[in-house]
Amino acid sequence: MSILVNRNTRLLVQGITGQSGAFHARGCMEYGTNVVAGVTPGKGKQSFDGKVPIYDTVSEARKQTGSNATMIFVPAPFAADAILEAADAGIELIVCITEGIPVMDMMRVKEVLRTSKSRLIGPNCPGIITPGECKIGIMPGYIHKRGNVGVISRSGTLTYEAVWQLTQRGYGQSTCIGVGGDPIHGTSHLDAVKMFAEDAETKALILIGEIGGSGEEEAAVWIKTNLKKPVCAFIAGATAPPGRRMGHAGAIVAGSSGTAAAKIEAMKAAGIAVAETPATIAETLIKVFKN
Amino acid sequence: MNIHEYQAKELFQRFGVASPKGLPADTPEEAEKVATDLKTSHLVVKAQIHAGGRGKGVFKNGLKGGVRLCSSPAEARELAQNMLGHFLVTNQTGPDGRLVRKVMVAESVEIQREVYFAILMDRETGVPVVVVSTEGGVDIETVAEKSPDKIYREKVPPLLGMQPYMALKLARQLEFSGDQLKAAAKLIQNVYKLFSTLDCSLVEINPLVVTKSGEVLALDAKFEFDDNALYRHPEIVAMRDENEEDPREVEASKFSLNYIGLDGDIACLVNGAGLAMATMDIIKYAGGRPANFLDVGGGASEEQVTEAFKILISDKNVKAILVNIFGGIMRCDVIAQGIINAVRAVTLPVPLVVRLEGTNVDQGKKLLTESKLPIRAAADLAEAAKLVVAAARGA
Ligand SMILES: Nc1ncnc2c1ncn2[C@@H]1O[C@H](COP(=O)(O)OP(=O)(O)O)[C@@H](O)[C@H]1O
Ligand SMILES: [Mg+2]
């Protein structure tokens with residue numbers, strides 16, 4: 001098992017003919033992801049690399065190919081609309097990679113998704129991968145290895161760092177999910193933790209957080225009373241100056257809220273092993289995993 | 001992005017939010033002229049900086065207060081003279097203060113009551129939240145600490161926006177009544193319209209006042225705009241004041257580099273925001289002090305890396321540089337070549353430690369060694385941090 005994506009995932013790519021859309025669609029296909037359709041308005045009836053049919057709209061693509069997940073590479077000004085289109089077409093899993101979507105647009109999307117059956121991952125995220133089965137996103141596939149550790153993170157390269165540490169030490173991953181660096185996003189740390197809790201294959205969890213918001217704290221509170229699996233966390237941004245946005249739109253300490261110290265405190269209070277540095281994430285997990 | 005109070009006033013006018021008449025001035029002469037044109041003996045001169053707490057601030061030249069009342073154009077001129085070109089220190093500027101390059105001369109009003117009003121985008125709930133308090137004119141943080149019961153918050157449904165009844169309810173919460181109730185509700189609706197139309201993440205009016213003659217006016221304004229939405233608001237972008245920003249950050253933004261200056265002595269260059277923060281953290285953990293945050297992104301070009309190095313070494317505090325790259329989609333050999341070319345282009349005055357990991361890492365490391373440049377290669381992140389801290393100490 002795994003969460004959300006596996007070899008039965010039939011992926012659609014919105015923005016498949018754009019530069020990064022095309023590049024990463026190929027990357028996913030090479031990894032073995034079943035890419036069944038692309039969507040670019042005006043390019044319907046064409047084919048992507050002679051392998052994947054392109055449609056003008058998501059609903060047509062869904063009808064013709066039965067796709068149940070989408071990866072969005074549409075430019076920021078149009079990305080919110082692309083998410084809404086996917087939700088309207090009934091796509092179960094929407095993974096939005098696009099960075100820089102206006103917050104006001106995401107606010108409306110979030111409101112619509114509250115009553116929709118679709119789940120959104122991201123935006124501004126590396127995507128989701130179930131090693132050996134399905135990769136949806138921009139992460140380098142080869143650093144992953146199949147196994148029992150679930151990985152949840154807001155950022156891209158920091159996740160690769162943790163995953164690589166695990167893989168090198170022989171610990172594989174069930175699913176790795178990047179929830180994204182934006183202040184308003186679809187799936188939260190807590191949502192992901194709950195799904196991993198239910199997944200029999202996942203025996204331990206790595207939770208990577210950063211300053212800003214309270215997603216990590218919410219997850220910690222739930223973990224404390226509900227999760228029996230060992231968890232290791234790392235929180236980035238202890239040295240970030242307050243009031244400044246650290247690259248990610250959501251990574252900001254506002255007043256006294258969203259500090260790394262508070263998050264680490266919440267993790268420790270929940271009995272979670274906290275890695276002191278980004279270099280010791282896997283080591284810290286392995287220690288609690290073995291016990 | 002932030003703007004000045006005088007610019008906020010322009011936006012208030014556009015959206016029908018009542019505020020006292022006033023205009024900016026760059027020189028004492030101009031301040032005098034603005035004051036004369038206002039045709040009143042009730043005047044106020046306000047220093048324009050991107051920081052609050054001006055009223056209680058002190059200038060380094062001794063002048064007390066960045067918000068000063070006066071009663072004649074000649075006085076306005078003199079106050080402007082003492083503010084312009086001087087540093088104003090407030091509880092939000094840090095000890096160095098901010099250089100005042102503009103003042104605003106406005107009509108002063110007789111205040112009967114000051115309240116607090118703000119709209120902000122609340123990330124926890126993903127909806128706009130209005131925050132009001134009858135305790136105006138003081139820091140909301142102070143109110144939150146001393147009398148949290150005096151703060152009232154109300155969510156705005158995102159798809160509906162601010163409905164008239166909500167504005168009325170909020171105005172009542174602020175204890176408005178009679179004619180003022182309608183005026184206040186109107187103002188609240190218009191501020192919300194401004195907030196959503198211009199993609200603000202914060203509009204704070206502190207204080208919102210009732211004057212002795214019964215008017216409801218926004219006396220001060222702090223705006224924050226969503227950077228992601230600036231592409232659709234060129235008129236807001238035009239209000240950007242680069243003087244209020246760190247020059248290194250202004251330079252970095254020209255090359256789409258995500259740079260934030262700090263006050264340590266170990267510079268770092270990293271791909272990815274999360275890893276960049278984590279790199280600063282591990283520098284600190286190893287006993288050093290990071291000089292900056294710098295995320296060059298996933299697909300940085302050689303030109304960007306070169307410019308990034310230039311910005312890093314323009315900081316005279318910097319004693320060593322750490323490059324930390326996790327090459328995923330970007331191959332390490334390509335990255336290494338970029339670093340080599342960039343280092344050749346700028347001739348680094350300080351030691352450089354490079355840690356590469358990921359795709360084609362061996363070819364990347366080989367290129368660095370063969371380049372014969374004084375680059376110290378680190379095997380992993382922990383070693384990289386140790387090496388760079390030692391290098392900064394002259395080891
Ligand atoms: N136009 C004005 N007329 C009368 N008093 C004013 C005026 N503008 C500001 N003040 C007074 O000065 C105080 C501080 O000004 P404000 O604009 O809020 O600056 P800051 O928040 O930076 O201190 C206000 O709380 C108000 O009492
Ligand atoms: Mg004020």
Side-chain angles (χ1 to χ4, degrees), chain A residues 20 23-24 27 76-77 99-108 110-112 126 138-140 142-143 153-161 164 181-185 208 210-215 234 236-241 244-251 255-256 260 276-280, chain B residues 121-128 141 144 157-159 196 199-201 226-232 258 260 262-264 270-286 289-290 293-295 297-299 324-330 357-359 380-385:
Chain A
S20 45
F23 181 82
H24 291 291
E99 178 178 357
I101 304 178
V103 177
M104 215 59 90
D105 294 3
M106 275 314 298
M107 165 191 92
R108 296 192 187 98
K110 178 103 188 167
E111 190 65 16
V112 171
I138 58 177
M139 64 291 272
Y142 78 93
I143 62 170
S153 167
R154 277 206 242 170
S155 92
T157 42
L158 184 54
T159 318
Y160 311 160
E161 183 77 46
W164 188 231
D182 276 2
I184 300 183
H185 49 247
I208 301 173
E210 58 193 40
I211 53 164
S214 59
F234 174 73
T239 47
R244 304 301 312 270
R245 244 164 256 285
M246 308 302 285
H248 287 153
S256 56
E276 287 203 63
T277 81
T280 54
Chain B
M121 188 55 93
D122 181 51
R123 58 187 292 167
E124 278 20 297
T125 50
V127 305
E141 279 82 17
L159 303 182
S196 69
D199 283 285
C200 297
S201 38
D226 173 14
D227 292 341
N228 287 352
L230 287 176
Y231 73 90
R232 56 189 178 201
N258 234 321
I260 291 171
L262 304 170
D263 54 12
V270 188
N271 66 334
L275 190 59
M277 273 185 269
T279 304
M280 290 165 33
D281 295 346
I282 201 169
I283 289 172
K284 171 97 180 290
Y285 185 83
R289 288 187 312 130
F293 165 91
L294 173 59
D295 167 18
N324 181 21
I325 304 281
F326 197 102
I329 302 301
M330 270 266 272
E357 191 55 87
T359 318
D380 58 38
L381 190 46
E383 190 192 65

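Lettering follows sequence order; numbering is per chain, from 1.
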Give the minimum heavy-atom separation between [X] and [Y], together with the two atoms involved.
X: B:Gly274; Y: A:Leu158; value: O-CD2, 3.7 Å
X: B:Asp226; Y: A:Met104; value: OD2-N, 4.4 Å
X: B:Pro128; Y: A:Met107; value: CD-SD, 3.4 Å
X: A:Met246; Y: B:Ala273; value: O-CB, 3.7 Å
X: B:Ile260; Y: A:Pro241; value: CG2-CG, 4.4 Å
X: A:Phe234; Y: B:Ala278; value: CE2-CB, 3.9 Å

Counting only heavy atoms closer than 4.5 Å, note whether [X] contacts chain A via side chain, backbone, both or neither.
X: B:Met280; answer: both
X: B:Glu141; answer: neither
X: B:Asn258; answer: side chain
X: B:Asp281; answer: both
X: B:Ala276; answer: neither

Item to check | CA sep, side-chain torsions, deciding dist, call: B:Phe326, A:Ile143, side chain to side chain contact (heavy atoms under 4.5 Å, CB included) | outcome: CA-CA 11 Å; B:Phe326 197 102; A:Ile143 62 170; 4.3 Å; yes
Residue part contacting chain B, namely of [X], when any heavy atom lies under 4.5 Å:
X: A:Ser155; value: side chain
X: A:Pro77; value: both
X: A:Arg154; value: side chain
X: A:Ile184; value: side chain
X: A:Ile101; value: backbone
X: A:Glu210; value: side chain

Item to check | salt bridge (charged side-chain N to carboxylate O under 4.0 Å, His left out) partners of B:Arg232, counting only residues at least two apart | outcome: A:Asp105, B:Asp199
When only pairs under 4.5 Å are counted, which of [options] shares the most heavy-atom pairs with chain B?
options: A:Gly213, A:Ala279, A:Gly156; value: A:Gly213
options: A:Arg244, A:Arg245, A:Met106, A:His185; value: A:Arg244
options: A:Pro183, A:Ala251, A:Pro126; value: A:Pro183

Item to check | Sidechain-backbone polar pair: B:Asp295 side chain, A:Gly247 backbone, donor-acceptor under 3.5 Å | outcome: no
Next on the checklist: Taking B:Asn271's backbone N and O only, do any of them form a donor-acceptor pair with A:Thr157's side chain (distance below 3.5 Å, no angle check)?
Outcome noted: yes
Next on the checklist: Can you tell me how far apart CG (A:Asp182) and CG (B:Asn228) are? Round to the nearest 0.5 Å.
Outcome noted: 6.0 Å
Item to check | Contact leader toward chain A among B:Ala286, B:Ala229, B:Pro157, where contacts are heavy-atom pairs under 4.5 Å | outcome: B:Ala229
Next on the checklist: If we define contacts as heavy-atom pairs under 4.5 Å, which of B:Glu357, B:Lys284, B:Glu383 has the most with chain A?
Outcome noted: B:Glu357
Next on the checklist: Does A:Glu276 have more than 12 heavy atoms from other residues, nucleotides or ligands lying within 6.0 Å of its CD?
Outcome noted: no
Item to check | Whether over 12 other heavy atoms sit under 6.0 Å from B:Asp380 CG | outcome: yes
Item to check | A:Pro278 vs B:Leu381 side-chain heavy atoms within contact, under 4.5 Å | outcome: yes
